[in-house]
Each structure stands twice: as structure tokens, then as C-alpha cells.
2 protein chains.
Amino acid sequence: MEHYREKGFKLTPQRIAIMKFLEGNKNHPSAEDIYQDVRKTFPTMSFATVYNNLETLREKGHISSLSIDPERRRYDPDTSCHHHLICLKCKMVVDVYADFKVHVPDEQKTSFEVLGSHIEFYGTCPECKKEEGI
Amino acid sequence: MEHYREKGFKLTPQRIAIMKFLEGNKNHPSAEDIYQDVRKTFPTMSFATVYNNLETLREKGHISSLSIDPERRRYDPDTSCHHHLICLKCKMVVDVYADFKVHVPDEQKTSFEVLGSHIEFYGTCPECKKEEGI
DNA sequence: GTTACTGCAAAGCTTTTGCATCCCT
DNA sequence: AGGGATGCAAAAGCTTTGCAGTAAC
């Protein structure tokens, strides 16, 4: 945690709590999820603080924000290259680690500078599939 | 247009205007874009009507909704399998037609039923790249 | 002492909903 | 005639912003 120390970046207790919650978190939480958890320790925590911190952490490259869930933004502390699989029913998101060799056709690439890519798989998770059978 | 006729689906002038605007549209418009255009012909048009129609058209499989732009939902009349390239600056979206062979690793596939996938490429469009040089 | 952060409230946007009226079929 | 669609207003979410007070550095 200490290695996050840098100029113009203060390690406030609230920020540390948010970073601790995110660290290694595989649930791709929303701002609400983060707020609800950190509020247990900091009852005065506000959404403004959550959003401010998420934006700051994203700017610094410590987390990335996902638009895979159309209903709300999700956050991912894993900034390494990977993809996502979302359940269309419960919106659960799981990581997909695989180095897919995808690239846009050359004629588009020449005019449009491609900086990256992300694959979203969608379907039905095990729990929701079980419910379907009922 | 007439071939959209079916039971429980009325061809109102407003709906036809929305469908005409979308037909062959490659701009991946938002509800606002659609509203602003159709309002020229139907000054009484409301957002409720736009959203109602988009949802109905989506249910019937005539259009698809995209979550590639984190700021607002975009709509695409092209429901064939293709992918998208978005400009991080101006949020312009262009189609990428290519049949990428991507699939989740088998161990995930067995528990999670994968129904489809979508690739989003992101980068800088020609216009925005030009501005960068200034 | 500076500078950045917190927390509250208010506002901003996008999208949804309730409901009376309307009109396509 | 009947059932879906329209349009208005209000509400509901999610996210951002302004600002005064506070705390990290």
C-alpha cells in the first residue's frame, strides 16, 4: 500500500479503505458496492468521495473502469490485459485470461489509431442456468 | 418498411420516422440523436416515445443496443455479427467487419453458457488525431 | 502553511414510469 | 371497438459538481 505514495497523492484513511477493498477484488464492483462496503468502517463516507477516488485511481492507472454492464460502471483493480464474461441475467462478471489475436483490418488501421481492445463475452452463469431449469 | 407489419406492432407515423432514421444509419446514434432528428418532423415527439420504440424494436430483434460508449446507450440497426471501434475523444463509433475466432477457455465454458461475444477496439479517429497535432 | 481530500447537498444526465388521450388496425 | 402507442410530467438511477471545512504532507 505504501508504494502508492507519490507527490500530490494523499493516503487518507478513506482512500486506503477503498484501495484495500479493491485490491485483488475479482467481483468487478460498482461504485455502490464500494460505497456499501467502505461505509461499514467510515459511516460518514459519501458517494462523492468514492467517485473522486475511483477517478483519481483510474487516472493514475491503478484501476480501470468497465462499461461491460450497461446499467452501471464497474471497476477492476486488475489493469493487465484480459477480457470479460458477463451473465445477462445477474450481471455477474468473470475474467477471461487469453491473448486473443484480434486486430482491425489494415485499411481502417491506417486512418484510425487503434490503442487497444477488449472482448466481452455474454451468456448465462452457472447459478442462473440452474434457476432456468426450475 | 411494410414488412415490419405484424400482430401487436402498429406502424404509427412516429415509429416509422424512427425506423427510417435508423435504417442503414452507420452513426450508432443515441436516444438524444434520434429524438433531435425525428423532432424536426414531429415537434411533439417525446423521449418516452423514442425509448419505448427503441425497446420494442430491440425486443423484436430489429436493432441492437450498444454499451460501447460509457456515457450513453447507442443504437445500431445492423444486427449482423460485427464489432466496433470507438474514438476515445469524440466517441465516434465505426463498424469492424471481421469474423474473429474468439472463444473462452473450455474450463469456463463448461459452467458458463456463452451466448455471444463482442469486441470493442478503442483509439483515436482521424479527425481527433489531426487536432492532436496542432 | 499548502495542497489535496472529505462530505454534504444540489444539480446534471440518461432512462424509466404512470396515466390520460389518441389512433392504428 | 380494442389494444397498443403517444406525449406529458414526474420520478428514478447513476454520476458529477460546488463549496466549506478538514486533514495529509
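We name chains A, B, ... by the order of the sequence lines, and we start the count at 1 in each one.
- Mapping B/Phe9 and B/Ala31 onto DNA chain C by nearest heavy atom places B/Ala31 at the nucleotide closer to the 5' end.
- Legend: side chain to side chain donor-acceptor pair (under 3.5 Å) pairs involving residues 57-73 of chain B, not counting sequence neighbours, sorted by first then second residue: B/Glu55-B/Arg58, B/Asp69-B/Arg74.
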Pairs under 3.5 angstrom only: tabulate donor-acceptor contacts from the side chains of residues 114-128 of chain B to other protein residues two or more places apart or in another chain.
unit_1	atom_1	unit_2	atom_2	d
B/His118	NE2	B/His84	ND1	2.8

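- For the atom pair OH (A/Tyr75) and CD1 (A/Ile34), the distance works out to 7.0 Å, reported to the nearest 0.5 Å.
- Contact of the A/Lys26 side chain with the A/Asp78 side chain is registered, since non-hydrogen atoms from C-beta on lie closer than 4.5 Å.
- The hydrophobic clustering, which links ILVMFWY residues whose side-chain heavy atoms are closer than 4.5 Å, places B/Phe112 and A/Val93 apart.
- Put simply, CD1 on B/Ile68 and NZ on B/Lys91 are 10.0 Å apart, with the number rounded to the nearest 0.5 Å.
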query = Does the side-chain contact (heavy atoms from CB on, under 4.5 Å) test come out yes or no for B/Glu32 and B/Gln36, once each step is laid out?
reply = CA-CA 6 Å; B/Glu32 173 84 32; B/Gln36 291 302 344; 2.7 Å; yes

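- Rounding to whole angstrom units, CG of residue A/Asn53 and C1' of C/dG7 are separated by 12 Å.
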Show the distances under 3.5 angstrom between N or O atoms of the protein and N or O atoms of nucleotides 17-22 of chain D.
none

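- Under a 4.5 Å side-chain heavy-atom cut-off, the cluster of Ile, Leu, Val, Met, Phe, Trp and Tyr residues that includes A/Tyr97 has no other member.
- Only B/Glu71, B/Arg72, B/Arg73, listed by number, bring a heavy atom of residues 69-76 of chain B to less than 4.0 angstrom from any atom of DNA chain C.
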Tabulated below should be each protein N or O lying under 3.5 Å from an N or O of nucleotides 10-12 of chain D; please produce it.
none

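- If one axis is set at each end of the helix from C/dG1-D/dC25 to C/dT25-D/dA1 from five pairs, those axes are 40° apart, to 10°.
- Checking side-chain atoms of B/His82 against main-chain N and O of B/Asp95 turns up no donor-acceptor pair under 3.5 Å.
- Residues that satisfy the side-chain hydrogen bond (donor to acceptor under 3.5 Å, both in side chains) test with B/Asp33, not counting sequence neighbours, are B/Ser30.
- The stretch residues 56-66 of chain B does not touch DNA chain C, since none of its heavy atoms comes less than 4.0 Å from the strand.
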Nucleotides 19-24 of chain C: which of its N/O atoms have a protein N/O under 3.5 Å away?
unit_1	atom_1	unit_2	atom_2	d
C/dC24	O2	B/Lys10	NZ	3.3

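- Proximity of a side-chain donor or acceptor of B/Asn27 to a complementary backbone N or O of B/Pro29 within less than 3.5 Å is not detected.
- Judged as a ring-ring contact (aromatic ring centres under 6.0 Å, His included), the pairs with a partner in residues 34-61 of chain A (not counting sequence neighbours) are, in order, A/Tyr35-A/Phe47.
- Evaluation of the salt bridge (charged side-chain N to carboxylate O under 4.0 Å, His left out) rule for B/Lys40 yields B/Asp37 as partners, not counting sequence neighbours.
- Heavy-atom distances to DNA chain D give each of B/Gly8 and B/Met45 a nearest nucleotide, and the one nearer the 5′ end belongs to B/Gly8.
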